[in-house]
**Student:** 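My questions all concern the structure below.
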Amino acid sequence: MPPELPEVETTRRGLAEALPGRVVRSLLVAERRLRRPVATGLARRIEGQSVRAIERRGKYLILRLDSGGLLIHLGMSGSLRLVPAGEPSRTHDRWTLVFREGTALRMHDPRRFSLLQYSARPENDPLVRDLGPEPLETPEEELARHLRARAAGRRGAVKAFLMDGRVIAGLGNIYANEALHRAGVRPGRASGRVRAAEWARLAAAIHAVLEDALASGGSTLRDYLGVDGRAGLFRLRLDVYGRAGEGCRRCGTEIRSLRLSGRGSYYCPRCQS
DNA sequence: CTCACAGCCTGTTTGC
DNA sequence: TGCAAACAGGCTGTGA
């Protein structure tokens with residue numbers, strides 16, 4: 001299961017408890033070939049800087065430094081962990097950010113879809129600049145209006161629309177499926193044909209599913225040194241994602257699956273129209 | 001602008 | 001049983 005927005009936010013909270021004030025001693029890069037190559041001069045650029053804050057934009061983490069900051073993305077299989085400085089790397093550990101205070105932040109990422117990049121102005125970096133509103137920080141009614149306005153005239157599937165980061169930040173395949181089920185909207189519907197009342201239900205459902213996942217992940221936050229991006233997802237009970245052929249938890253009808261824009265999509269033919 | 005799809009990658013599942 | 005092919009998906013770039 002990939003880290004989605006709630007897992008990234010859980011990770012952010014863990015880092016925010018531990019990192020601010022720490023000073024970067026070194027960056028050890030074991031594998032440069034990630035989603036983008038890790039810049040050669042990155043280590044030198046950040047050594048000696050202290051961590052000011054940890055922010056999140058969609059599924060990107062922003063580690064604010066004295067000057068500029070690091071953009072970090074977990075990709076499909078990445079997870080961050082705080083480890084004691086000097087702990088040996090294992091297979092698939094990609095880089096380790098070592099702090100003077102004796103701890104280190106380590107990226108574990110088997111599939112190398114993760115990203116580590118310095119930016120002088122992280123919030124203006126093209127990677128995050130064009131992202132849509134934060135689903136958890138946008139009031140429900142505003143979110144509903146926004147989605148409806150952006151969907152006008154679009155004929156593509158509503159699930160693909162919800163997964164477009166420029167429309168709304170950080171909603172991945174799993175939670176797009178779950179939100180559509182909670183809202184009673186089929187994933188293959190044309191975005192422009194979803195009605196106002198349905199957008200209202202969708203906005204509420206997006207909030208609900210993300211908050212649920214966040215709540216279940218939050219309780220496992222205090223593992224050893226705190227950060228495990230996986231904890232939340234393992235605890236959230238999914239209603240439709242990956243449940244093709246099984247019974248809908250609400251009505252018992254068999255969950256169906258189809259492919260939309262190359263992505264697995266799941267819905268209940270009775271609960272969702 | 002909108003939309004679909006290839007490509008990146010490796011662990012896991014499926015199918016012969 | 002064993003191996004190869006298919007699958008999984010966030011994001012970007014490309015082309016229609």
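Lettering of chains follows the sequences in order, A, B, ..., and the numbering in each one begins at 1. Computed over heavy atoms, backbone and side chain alike; hydrogens, waters and symmetry mates excluded.
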**Student:** Where the side chain of A/Tyr60 is defined as all heavy atoms beyond and including C-beta, which of C/dT12, B/dG11, B/dA4 is the nearest nucleotide?
**Tutor:**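 Looking only at side-chain atoms, A/Tyr60 lies closest to C/dT12.
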**Student:** Just to be sure I understand the rule, does A/Gly264 reach a base, reach only the sugar-phosphate, or reach nothing, if contact means heavy atoms closer than 4.0 Å?
**Tutor:**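 Sugar-phosphate only.
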**Student:** From C/dT12, B/dT2, C/dG10, pick the nucleotide closest to the side chain of A/Met76?
**Tutor:** C/dG10
**Student:** Strictly below 4.0 Å: does A/Arg35 bring a side-chain N or O up to OP1 or OP2 of C/dT12?
**Tutor:**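 Yes.
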**Student:** Any chance CZ of A/Arg148 has more than 12 other-residue heavy atoms, nucleotides or ligands included, within less than 6.0 Å?
**Tutor:**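 Counting neighbours around CZ of A/Arg148, 12 or fewer heavy atoms of other residues, nucleotides or ligands fall under 6.0 Å, so no.
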**Student:** Between atom CG in A/Leu162 and atom P in C/dC11, what is the gap in whole Å?
**Tutor:**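 In whole Å, C/dC11 P and A/Leu162 CG are 14 Å from each other.
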**Student:** Rounded to the nearest angstrom, tell me the gap between atom CG in A/Leu127 and atom P in C/dG10.
**Tutor:**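 Roughly 16 Å, once rounded to whole Å.
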**Student:** May I ask you to verify if any side-chain N or O of A/Arg259 is less than 4.0 angstrom from the OP1 or OP2 atom of C/dA8?
**Tutor:**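 Checking C/dA8 against A/Arg259, a side-chain N or O does come within under 4.0 Å of OP1 or OP2.
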**Student:** Atom CZ of A/Arg129 to atom C1' of C/dC11: distance rounded to whole Å?
**Tutor:** 16 Å
**Student:** Choosing from C/dT12, B/dC3, C/dG10, which nucleotide comes nearest the side chain of A/Arg263?
**Tutor:** C/dG10
**Student:** Can you measure A/Leu34 atom CG to C/dG10 atom P for me and round it to whole angstrom units?
**Tutor:** 18 Å
**Student:** Base, sugar-phosphate alone, or nothing: which one does A/Phe161 contact when heavy atoms must sit under 4.0 Å apart?
**Tutor:**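 Result for A/Phe161 = nothing.
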**Student:** Using the rule side chain to side chain contact (heavy atoms under 4.5 Å, CB included), only one of A/Ile206, A/Asp239, A/Asn173 pairs with A/Glu178; which is it?
**Tutor:**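 Exactly one pass, corresponding to A/Asp239.
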**Student:** What is the separation between atom CZ on A/Arg154 and atom C1' on B/dA4, rounded to the nearest whole Å?
**Tutor:**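 For the pair A/Arg154 CZ and B/dA4 C1', the rounded distance is 12 Å.
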**Student:** Between A/Pro126 and A/Gly262, who's closer to the 5' end of DNA chain C by nearest nucleotide?
**Tutor:**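 Taking each residue's closest nucleotide, the earlier one in sequence belongs to A/Gly262.
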**Student:** Starting at atom CG of A/Asp125, determine the distance to atom C1' of C/dT12, rounded to an integer number of angstrom.
**Tutor:** 13 Å
**Student:** For B/dG11, does either OP1 or OP2 sit under 4.0 Å from a side-chain N or O belonging to A/His92?
**Tutor:**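 So the side chain of A/His92 is within the cut-off, an N or O lying under 4.0 Å from OP1 or OP2 of B/dG11.
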**Student:** Is any side-chain heavy atom of A/Arg22 closer than 4.5 Å to a side-chain heavy atom of A/Leu105?
**Tutor:**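 The answer is no; the side chains never approach within 4.5 Å.
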**Student:** If you check the A/Phe113 side chain, which of C/dA8, C/dC11, B/dC8 turns out closest?
**Tutor:**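 Ranking C/dA8, C/dC11, B/dC8 by closest atom to the A/Phe113 side chain puts B/dC8 first.
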**Student:** If we only count heavy atoms from C-beta on, is the A/Arg64 to A/Glu123 side-chain gap below 4.5 Å?
**Tutor:**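 A side-chain contact exists here, since the closest heavy-atom pair is under 4.5 Å.
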**Student:** Nearest to the A/Arg155 side chain among B/dC9, B/dC3, C/dT12, which nucleotide is it?
**Tutor:** B/dC3
**Student:** Are A/Leu210 and A/Trp199 in one and the same hydrophobic cluster, where Ile, Leu, Val, Met, Phe, Trp and Tyr link if side-chain heavy atoms are under 4.5 Å apart?
**Tutor:** yes
**Student:** To the nearest angstrom, how far is A/Gln117 atom CD from C/dT12 atom P?
**Tutor:** 10 Å
**Student:** B/dC9, OP1 or OP2 - any side-chain N/O from A/Arg33 closer than 4.0 Å?
**Tutor:** no
**Student:** What is the distance from OH of A/Tyr266 to P of C/dC7, rounded to the nearest Å?
**Tutor:**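 Whole-Å distance recorded here is 11 Å.
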**Student:** Using modelled atom types only, decide if a donor and an acceptor are shared between the side chain of A/Glu31 and the backbone of A/Asp93 within a distance under 3.5 Å.
**Tutor:**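 Checked: no pair found.
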**Student:** Please work out if A/Leu115 contacts a base, only the sugar-phosphate, or nothing of the nucleic acid, heavy-atom cut-off 4.0 Å.
**Tutor:**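 Contact class for A/Leu115: none.
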